[in-house]
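Since this is a predicted model, take the numbers as computed values, not measurements. What's counted below: heavy atoms across the whole structure, side chains too, no hydrogens, waters or symmetry copies. Proteins get letters first, then strands, A, B, ... in listed order; numbering begins at 1 in each.
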Number of protein chains: 2
Amino acid sequence: MQNRIADLLKKNQLSITDSRKKILELFQNAGGALAHSDIEKMSGEHFDRVTIYRTLQTFVEKGIIHTIPTVDNSVLYALCKDECSAGHHHDNHVHFICDDCGTTYCLDHVLIPKVELPLGFTEKQTDLVVSGTCKNCN
Amino acid sequence: MQNRIADLLKKNQLSITDSRKKILELFQNAGGALAHSDIEKMSGEHFDRVTIYRTLQTFVEKGIIHTIPTVDNSVLYALCKDECSAGHHHDNHVHFICDDCGTTYCLDHVLIPKVELPLGFTEKQTDLVVSGTCKNCN
DNA sequence: TTTGTTTTGCAACTATGTTGCAAACGATTA
DNA sequence: TAATCGTTTGCAACATAGTTGCAAAACAAA
């Protein structure tokens, strides 16, 4: 249980610290995406704001979590699937934001269709965000 | 030329003011999407920050411009096409952000493919943002 | 347990965005 | 074109979000 978290950190050549363990735990328990402010609240004032920022940044760089662009311009972070953490490539699934309850879902099995870019444009990352009403609010 | 801008404002029951004219002009000249900070710089310190925020907000409400969610969590605004400004529906074209020069393009002729959502989810708006290298930086 | 490296927390700072209110401006009508 | 009324602006003050440098603390390795 705890070992999975420690292994994940070790695999990414990161020191195993309280804040990193705690933040990873939060993501695993949350299931969905979290905002910086969520983490700040959920971690119970234990860690400095700066530490959380830096931890999230590190996780993104290592491919442990990824960011999600949202319509209301808040950054969200979500755990990457195992296949993702291997390299520096990104998830290619669709994200869904519920306008009612505000929850963000990773629709892991809904893949982003390939888009044809005009000549001269090179794709590196593609994000598809759908907003509307989720299954709980419908 | 200038009349088009004034007409657009009048059609939306907005007073014709310097800041609104200037900001609309900037959008027309830019061709692509602009961030709040772009506008602040380009308008040459003439307008208060607050005025720009409020103007953009008003334009979004009236359907004159729309927001674009981006991966790096900056809000971008872009002019809506004529068909768009009629109602409260949104563009369904792809947006492209260049990692090098930072320019955002509205790829008007690249449409967002329909995505199949899981049962219970209802779509209201879909945004597709591609980042990479644009034709000028390639 | 010692040593060298990484990470944390603090302080101070910049950037971004919001609100209330009085003054200025724009539209309308006489 | 001047008076009036509603809208918009700028200011001040505030709230939130995010960054940086640096010394102290924690971690990993030997």
Side-chain angles (χ1 to χ4, degrees), chain A residues 2-3 5-26 33-62 64-77 102 104, chain B residues 2-3 5-26 33-62 64-77 102 104:
Chain A
Q2 279 291 70
N3 280 347
I5 289 180
D7 288 350
L8 186 54
L9 290 172
K10 217 170 245 177
K11 197 171 69 180
N12 285 286
Q13 302 170 335
L14 294 173
S15 302
I16 298 167
T17 67
D18 286 349
S19 56
R20 286 177 180 163
K21 279 190 289 183
K22 180 72 184 172
I23 290 177
L24 275 185
E25 244 179 67
L26 287 178
L34 295 175
H36 172 95
S37 56
D38 294 329
I39 296 166
E40 209 167 330
K41 281 169 210 142
M42 292 167 80
S43 66
E45 317 276 331
H46 284 336
F47 309 112
D48 196 85
R49 260 164 21 87
V50 180
T51 301
I52 298 176
Y53 277 115
R54 289 199 266 228
T55 303
L56 290 172
Q57 227 168 272
T58 307
F59 285 175
V60 170
E61 276 161 22
K62 294 291 185 177
I64 298 172
I65 60 177
H66 63 282
T67 60
I68 308 171
T70 69
V71 185
D72 67 333
N73 190 43
S74 54
V75 207
L76 291 174
Y77 302 89
T104 298
Chain B
Q2 279 292 70
N3 280 345
I5 288 180
D7 287 350
L8 185 55
L9 290 173
K10 216 170 244 175
K11 198 172 69 182
N12 285 285
Q13 302 170 335
L14 294 172
S15 302
I16 299 167
T17 66
D18 287 348
S19 55
R20 286 176 180 163
K21 279 191 287 183
K22 181 70 183 172
I23 290 177
L24 275 185
E25 244 179 67
L26 287 178
L34 295 175
H36 172 95
S37 57
D38 294 330
I39 295 166
E40 209 166 331
K41 282 170 210 143
M42 292 165 80
S43 66
E45 317 276 331
H46 284 336
F47 309 111
D48 195 84
R49 260 163 20 87
V50 180
T51 301
I52 299 176
Y53 278 114
R54 290 199 265 229
T55 304
L56 291 173
Q57 228 168 271
T58 306
F59 285 176
V60 169
E61 276 161 21
K62 294 290 185 180
I64 298 171
I65 60 177
H66 63 281
T67 59
I68 308 171
T70 69
V71 186
D72 67 334
N73 190 43
S74 54
V75 207
L76 291 174
Y77 303 88
T104 297

Could you walk me through whether A/Leu14 and A/Ile64 pass the side chain to side chain contact (heavy atoms under 4.5 Å, CB included) test, one step at a time? CA-CA 11 Å; A/Leu14 294 173; A/Ile64 298 172; 4.2 Å; yes
[atom1] of [X] to [atom2] of [Y]: how many Å apart, nearest 0.5 Å?
X	Y	atom1	atom2	value
B/Ile52	B/Arg20	CD1	CZ	13.5 Å
A/Glu61	A/Asn12	CD	CG	11.5 Å
A/Phe47	A/Thr17	CZ	OG1	7.5 Å
A/Thr51	A/Asp18	OG1	CG	11.0 Å
A/Leu26	A/Lys41	CG	NZ	13.0 Å

Round to a whole Å and report the spacing from [atom1] of [X] to [atom2] of [N].
X	N	atom1	atom2	result
B/Glu61	D/dT8	CD	P	11 Å
A/Leu76	D/dA17	CG	C1'	14 Å
A/Lys22	C/dT7	NZ	C1'	19 Å
B/His36	C/dG17	NE2	P	7 Å
B/Gln13	C/dG26	CD	P	19 Å
B/Leu9	C/dC25	CG	P	18 Å
A/His46	C/dC10	NE2	P	14 Å
B/Asn12	D/dT8	CG	C1'	16 Å

From CA spacing to verdict: side chain to side chain contact (heavy atoms under 4.5 Å, CB included), A/Leu56, A/Ile39: CA-CA 10 Å; A/Leu56 290 172; A/Ile39 296 166; 3.7 Å; yes
So do the side chains of A/Val75 and A/His36 get within less than 4.5 Å of each other, counting heavy atoms only? no
Could you go through the side chain to side chain contact (heavy atoms under 4.5 Å, CB included) check for A/Phe59 and A/Leu24 one step at a time? CA-CA 9 Å; A/Phe59 285 175; A/Leu24 275 185; 3.8 Å; yes
Interface residues of residues 49-59 of chain A with DNA chain C (non-hydrogen, below 4.0 angstrom): A/Val50, A/Thr51, A/Arg54
Angle between the two end axes of the helix from C/dT1-D/dA30 to C/dA30-D/dT1, five base pairs per end, rounded to 10 degrees? 40°
Output one line per pair: protein atom, nucleotide atom from nucleotides 26-29 of chain D, and distance, for all N/O pairs under 3.5 Å.
from	atom 1	to	atom 2	distance (Å)
D/dA28	OP1	A/Ile16	N	3.0

So does B/Val50 get a backbone contact from the side chain of B/Asp48, meaning a donor-acceptor N/O pair under 3.5 Å? yes
Between B/Lys62 and B/Gln13, does the side chain to side chain contact (heavy atoms under 4.5 Å, CB included) criterion hold? Intermediate values first, please. CA-CA 9 Å; B/Lys62 294 290 185 180; B/Gln13 302 170 335; 4.2 Å; yes
Students often get this wrong, so: under 4.0 angstrom with heavy atoms, is A/Ser19 touching a base, only sugar-phosphate, or nothing? sugar-phosphate
